[in-house]
Amino acid sequence: MTKPYLLAIDTSCDDTAAAVTAGRVVVSNVVASQTQLHKKYGGVFPTVAKQAHRENVGPVIQAALQKAKIQWVDLAAIAVTQGPGLAPALEVGIEKAKELAVQHNLPLIPVNHIEGHVLSSLATRAPHRLDIAKTVIDLQLPALVIVVSGGHTEFVLVKKIGDYEILGKTVDDAAGEALDKFGRMVDLGYPAGPVIEQFAQHGDAQRYPFPLPMTTSGNANLSFSGLKTSARTFTEKLQADHTLTKQEIYDLCASFQYSVFRAITYKLNKLLPSLLLEHQIFGVWLGGGVAANNTLRQAIRQTIRPYHLHLSVPYSKKLCIDNAAMIGVAAGYKLERGEVVRGAEIQSVERIPRWEI
Ligand code: KG4
Ligand code: ZN
């Protein structure tokens with residue numbers, strides 16, 4: 001049997017992540033979050049991220065190997081996020097991966113971060129160690145994937161693993177970015193998405209009707225900047241009048257979150273009939289940080305139920321937000337296809353900060 005284990009590294013944004021995977025199986029998944037460092041900036045500050053990645057990347061890799069009880073000799077390759085992401089942040093992970101690949105004489109597998117989010121719902125928990133090599137892979141394709149994160153919001157058709165088509169994407173802000181920017185308006189800290197989800201549970205989503213963007217365009221593209229501007233104008237007016245009450249903040253969170261998710265389900269509903277006619281899709285998968293949100297999951301389930309489609313979500317919320325396990329899963333398929341970089345070519349692997357899947 002060939003060695004199944006991969007060490008995966010992701011430093012695309014503000015989390016330093018390493019994981020050990022075997023095919024779709026996640027053996028360990030370690031993340032050093034930089035949230036506290038970036039809180040005071042209200043967003044990710046690239047040079048601060050780079051410095052923190054430099055400090056964290058070695059210990060995070062060691063922790064991932066230790067948790068998995070894996071030695072360097074057990075590894076088949078090292079996978080690393082090549083892009084898209086913040087250039088200075090990507091560089092740290094790529095340089096570390098190259099250095100380790102050369103040192104341990106292992107091939108390198110560069111991975112697109114979005115492909116990681118796309119395949120994150122395929123990740124499975126580690127079964128008993130002896131069973132890892134026997135994990136049966138049955139995939140029903142094609143599938144529609146909705147990636148909803150802080151950097152990306154897109155509908156992706158997975159024809160085969162490795163063969164993707166973007167059916168629609170945001171033309172401006174990503175959904176998570178819109179939630180974070182709204183959070184800043186009402187002082188919820190960074191990242192605001194999880195707080196908005198909590199506050200929205202106590203709020204009335206119908207109290208403040210925000211506009212539904214991009215309804216007239218016939219395509220599956222999305223836009224959130226108009227919605228954000230409208231929420232800003234409205235919130236500033238309220239704030240000029242009086243200090244917002246707790247209930248008003250809850251209602252604003254519920255209303256804004258509802259509008260962001262309604263924009264996604266509106267386009268999903270438009271997309272599905274033609275997609276089902278053209279491609280017999282078997283299911284819908286969800287990935288990205290905002291995929292951790294239960295209200296979004298429910299809204300998507302409701303939208304796809306009439307089409308008799310099932311929604312697959314990552315088995316843990318840790319696999320929704322940025323992580324290296326999803327990079328390892330994507331790399332596992334690349335390894336099967338022989339898409340690895342070896343020997344002298346390893347040095348020519350460079351970051352790709354802007355990279356479509
Ligand atoms: O996937 P991710 O960790 O990073 C990117 O690749 O962008 O996504 C981060 C985004 C942030 O905008 C954060 O506010 C959002 O995911 N997020 C959530 C939730 N958890 C994280 N948004 C809504 N509800 C959540 N529970
Ligand atoms: Zn991401």
Side-chain angles (χ1 to χ4, degrees), residues 8-17 19 29 31-35 38-39 41-44 46 49 80-86 89-90 93 111-121 123 145-154 156 169-170 173-186 188-201 203 205 224 228 253-254 256-264 285-300 313-314 316-327 329-330 353-357:
I9 302 166
D10 181 283
T11 61
S12 59
C13 191
D14 59 340
D15 291 320
T16 317
N29 186 16
V31 180
S33 167
Q34 300 178 11
T35 303
H38 297 285
K39 257 200 163 108
Y41 305 105
V44 181
V80 67
T81 297
Q82 191 175 19
L86 291 175
L90 287 166
V111 176
N112 182 307
H113 181 82
I114 307 299
E115 184 177 14
H117 280 305
V118 162
L119 302 183
S120 58
S121 64
V145 189
I146 313 171
V147 178
V148 195
S149 76
H152 304 269
T153 300
E154 46 203 62
V156 180
K169 59 190 276 192
T170 180
D173 292 350
E177 188 181 359
L179 289 168
D180 291 340
K181 285 179 177 169
F182 169 77
R184 220 173 298 157
M185 296 173 209
V186 285
L188 300 184
Y190 175 85
V195 184
I196 293 175
E197 177 175 25
Q198 271 183 19
F199 281 13
Q201 284 168 12
F224 296 101
K228 178 193 67 192
C253 285
F256 188 75
Q257 177 182 269
Y258 171 78
S259 302
V260 169
F261 296 166
R262 194 174 53 142
I264 296 170
W285 309 345
L286 188 60
V290 189
N293 188 295
N294 288 321
T295 308
L296 175 63
R297 293 175 178 195
Q298 271 168 19
I300 293 175
V313 299
S316 122
K317 294 200 172 174
K318 213 173 155 185
L319 284 162
C320 295
I321 53 171
D322 284 348
N323 67 89
M326 66 183 192
I327 302 303
V329 170
R354 293 179 162 272
W355 187 12
E356 293 263 339
I357 190 176

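Numbers for residues simply follow the sequence, beginning at 1. Start at 1 and go down the list; that is how both ligands and their atoms are numbered. In what follows, every heavy atom counts, from backbone to side chain, and hydrogens, waters and symmetry copies are set aside.
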Distance-only donor-acceptor check, side chains Asn112 and Glu356, under 3.5 Å: no

Could you tell me whether Pro191 and ligand 1 have an N or O pair separated by under 3.5 Å? no

Residue pair Met326, Val111: steps toward the side chain to side chain contact (heavy atoms under 4.5 Å, CB included) verdict: CA-CA 10 Å; Met326 66 183 192; Val111 176; over 6 Å; no

Atom 24 (N) of ligand 1: nearest protein contact (heavy atom, Å): Asn293 ND2, 3.0 Å

Counting only heavy atoms closer than 4.0 Å, does ligand 1 sit against the backbone of His152, its side chain, both, or neither? neither

Part of Asp322 with heavy atoms under 4.0 Å of ligand 1, whether side chain, backbone, both or neither: both

Any side-chain heavy-atom pair of Asp322 and His113 under 4.5 Å: yes

Hey, is ligand 1 close enough to Asp15 that some N/O pair sits below 3.5 Å? no

Could you tell me whether the side chain of Glu197 and the main chain of Asn294 form a donor-acceptor pair under 3.5 Å? yes

Of all the non-hydrogen atoms in the protein, which one sits nearest to atom 14 (O) of ligand 1, and at what distance? Asp180 OD1, 2.8 Å

Could you go through Ile264 and Ile146, starting from their C-alpha distance and side-chain angles, then the distance that decides it, and tell me whether this counts as side chain to side chain contact (heavy atoms under 4.5 Å, CB included)? CA-CA 9 Å; Ile264 296 170; Ile146 313 171; 4.3 Å; yes

Gly289 to ligand 1: N or O pair under 3.5 Å? yes

Salt bridge (charged side-chain N to carboxylate O under 4.0 Å, His left out) filter on Lys181, not counting sequence neighbours, yields Asp173, Glu177

In this structure, atom 26 (N) of ligand 1 is nearest to the protein heavy atom Glu197 OE1, 2.8 Å

Among all protein non-hydrogen atoms, which one is nearest to atom 15 (C) of ligand 1, and what is the separation to 0.1 Å? Val290 CG2, 3.9 Å

Are His117 and ligand 1 in contact, using a heavy-atom cut-off of under 4.0 Å? yes

Is the closest heavy-atom distance from Cys13 to ligand 1 below 4.0 Å? no

Atoms of type N, O or S from protein under 2.8 Å of the Zn ion (ligand 2), total 3

Per-atom filter on ligand 1: closer than 4.0 angstrom to a heavy atom of His113 are 6 (O)

Is Asp15 reaching over with its side chain to a backbone N or O of Cys13, donor-acceptor style, under 3.5 angstrom? no

Check whether any N or O atom of Gly193, backbone or side chain, sits under 3.5 Å from an N or O atom of ligand 1, and answer yes or no. yes

What part of Gln257, side chain, backbone, both or neither, has a heavy atom within less than 4.0 angstrom of ligand 1? neither

Heavy atoms only: give me the nearest Ser149-Ala174 pair and the separation to one decimal. O-CB, 3.5 Å

Going by heavy atoms in the side chains, are Ser120 and Trp285 under 4.5 Å from each other? no

Under a 3.5 Å distance rule, please check whether Lys317 uses its side chain to pair with a backbone N or O of Ala292 as donor and acceptor. yes

Okay, side chain of Thr81, backbone of Gly83: is any donor-acceptor separation there less than 3.5 Å? no

What is the distance from atom NE2 of His117 to atom CD1 of Ile321, rounded to the nearest 0.5 Å? 9.5 Å

Heavy-atom contacts with Gly176 under 4.0 Å: which atoms of ligand 1 show up? List them by number with element. 12 (O)

Please determine if Gly150 has a nitrogen or oxygen closer than 3.5 Å to a nitrogen or oxygen of ligand 1. yes

Check ligand 1 against Ser149 and write out every atom of the ligand that is under 4.0 Å from a heavy-atom position of the residue. 1 (O), 5 (C), 6 (O), 7 (O), 8 (O)

Hey, are the side chains of Thr16 and Gln34 touching, using non-hydrogen atoms and a 4.5 Å cut-off? yes

Output the distance between atom CZ (Phe256) and atom CZ (Phe224), rounded to the nearest 0.5 Å. 8.5 Å

